[in-house]
Engineer: 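Structure provided below as structure tokens; questions to follow.
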Amino acid sequence: MMTVNQMNQAQLLHWIDMVSFAVVDITEYLDTHPQDEEALKYFDHYIDLRRSAMRAYADKYGPLTIDTANPENYWTWSAQPLPWEGGNC
Amino acid sequence: MWNYERRLQYPVNITRPNAKIAKIIMTQYGGPDGEISASMRYLSQRYSMPYRKVAGLLTDIGTEELAHMEMIAAIVRQLTKGLSADELEAAGFAPYYVDHTAGIWPQAAGGIPFNACEFQSKGDAITDLFEDMAAEQKARVTYDNILRLVKDPEVCDPIRFLRQREIVHFQRFGEADREDCSK
Ligand SMILES: [Fe+2]
């Protein structure tokens with residue numbers, strides 16, 4: 001399987017959408033099943049994938065979250081495309 | 001508090017503007033069973049929810065609804081972007097255009113403005129959870145109706161995603177009504 005560092009921007013954003021969705025869905029499930037061991041493992045797995053993908057995206061294409069923003073000589077946060085613009089990043 | 005992520009929860013990439021269907025889909029922004037209603041309902045109800053776990057669920061689902069609101073706005077924006085006044089008028093969009101140009105404003109498909117009376121925050125755990133389950137079903141039916149009226153696959157794809165989430169949230173609210181969450 002491709003690593004996050006081998007993905008182009010569109011592939012990486014798609015990957016972030018997928019692993020982030022897994023995190024949102026299992027979070028709500030765990031809210032009502034707080035002791036489900038398999039669900040807890042699933043959460044651990046996808047939250048790690050999400051963290052590393054978010055970091056890789058910020059390094060290569062700019063931050064999607066303020067926590068991964070790492071400005072050097074330009075404030076990239078506000079220059080990122082807005083998500084409703086469409087046209088696949 | 002909240003943090004913003006500069007991406008949509010599920011991608012919206014519409015290449016064929018169509019103001020006729022924008023007018024229909026707009027109802028899931030500011031209509032009676034739309035995503036503003038959903039997010040404001042859950043995010044308002046949580047303060048008086050006596051069970052911490054259920055208040056947490058209301059927060060997490062209410063937060064996801066904010067992301068759905070943004071997806072609907074993105075769909076409407078992309079469906080109306082770049083259309084001339086003549087094209088908008090031909091699609092029946094003139095009454096909206098005269099007040100809002102191509103801005104995004106919360107109203108139902110029939111033009112009724114968003115109104116907080118579309119949801120309830122009763123301050124009673126059972127009442128609020130049953131309202132929430134009904135709300136998810138009403139939103140699901142609205143998405144079913146949209147899918148009967150809209151044929152463009154680029155529009156139907158994110159609408160199907162949103163419809164699916166209504167079913168999952170209905171399930172979660174039903175579980176929240178059980179004893180093991182009420183601790
Ligand atoms: Fe929703």
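The figures here come from the full heavy-atom set of this structure, side chains too, leaving out hydrogens, waters and symmetry mates. Chain identifiers are assigned alphabetically (A, B, ...) following the order of the sequence lines, protein sequences preceding nucleic acid strands; residue numbering begins at 1 within each chain.
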Engineer: Which atoms of B:Glu70 are under 4.5 Å from chain A, going by heavy atoms: the side chain, the backbone, both sets, or neither?
Structural biologist: side chain

Engineer: Please determine whether residues B:Tyr47 and B:Phe119 belong to a single hydrophobic cluster, defined as Ile, Leu, Val, Met, Phe, Trp and Tyr linked transitively by side-chain heavy-atom distances below 4.5 Å.
Structural biologist: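 The answer is no; the residues belong to distinct hydrophobic clusters.
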
Engineer: Report yes if the side chains of A:Asp17 and B:Gln9 come closer than 4.5 Å at any heavy-atom pair, otherwise no.
Structural biologist: no

Engineer: With a 4.5 angstrom heavy-atom cut-off, could you sort out which part of B:Phe161 is near chain A: side chain, backbone, both or neither?
Structural biologist: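 B:Phe161 touches chain A through side-chain heavy atoms alone.
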
Engineer: Do B:Val141 and B:Ile25 share a hydrophobic cluster (ILVMFWY, side-chain heavy atoms under 4.5 Å, transitive)?
Structural biologist: no

Engineer: Locate the shortest heavy-atom distance separating A:Tyr29 from B:Arg172; write the atom from each residue and the value.
Structural biologist: CD1-NH2, 3.5 Å

Engineer: Between B:Leu66 and B:Tyr29, is there shared hydrophobic-cluster membership here, with clusters defined by ILVMFWY side-chain heavy atoms closer than 4.5 Å?
Structural biologist: yes

Engineer: By a 4.5 Å heavy-atom criterion (distance strictly below it), what part of A:Glu85 contacts chain B: side chain, backbone, both, or neither?
Structural biologist: backbone

Engineer: Taking everything shown except B:Gln120 itself, do over 12 heavy atoms lie less than 6.0 Å from its CD?
Structural biologist: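 Above 12, so yes.
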
Engineer: So which part of B:Glu5 gets closer than 4.5 Å to some heavy atom of chain A, the side chain, the backbone, both or neither?
Structural biologist: both

Engineer: Are side-chain heavy atoms of A:Thr32 and B:Leu57 found at a separation under 4.5 Å?
Structural biologist: yes

Engineer: Which atoms of A:Met54 are under 4.5 Å from chain B, going by heavy atoms: the side chain, the backbone, both sets, or neither?
Structural biologist: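 The answer is the side chain of A:Met54.
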
Engineer: Testing the basics here: between A:Asp31 and B:Lys53, what is the closest heavy-atom pair and its distance to 0.1 Å?
Structural biologist: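 Here A:Asp31 and B:Lys53 meet closest at O-CB, 4.3 Å.
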
Engineer: If Ile, Leu, Val, Met, Phe, Trp and Tyr residues are connected whenever their side-chain heavy atoms lie under 4.5 Å apart, and connections chain through other members, are B:Ile167 and B:Phe170 in the same group?
Structural biologist: no

Engineer: Against chain B, work out which of A:Thr27, A:Ile66, A:Leu82 has the most heavy-atom pairs shorter than 4.5 Å and name it.
Structural biologist: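 Maximum pair count with chain B is reached by A:Leu82.
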
Engineer: Taking everything shown except A:Gln6 itself, do over 12 heavy atoms lie less than 6.0 Å from its CD?
Structural biologist: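 Yes, enclosed.
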
Engineer: In this structure, are over 12 heavy atoms from other groups packed under 6.0 Å from A:Lys60 atom NZ?
Structural biologist: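 More than 12 heavy atoms, drawn from other residues, nucleotides or ligands, come within 6.0 Å of this atom.
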
Engineer: Ignoring hydrogens and angles, tell me if any N or O in the side chain of B:Arg77 forms a donor-acceptor pair with the backbone of A:Gly86 under 3.5 Å.
Structural biologist: no

Engineer: Is B:Val150 reachable from B:Leu79 through a run of I, L, V, M, F, W or Y residues, each pair having side-chain heavy atoms under 4.5 Å apart?
Structural biologist: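 B:Leu79 and B:Val150: one cluster.
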
Engineer: State, with a plain yes or no, whether a side-chain heavy atom of A:Phe21 is found less than 4.5 Å away from one of B:Arg165.
Structural biologist: yes

Engineer: Do any N or O atoms from the side chain of B:Arg7 and from the backbone of A:Leu13 form a donor-acceptor pair under 3.5 angstrom?
Structural biologist: no

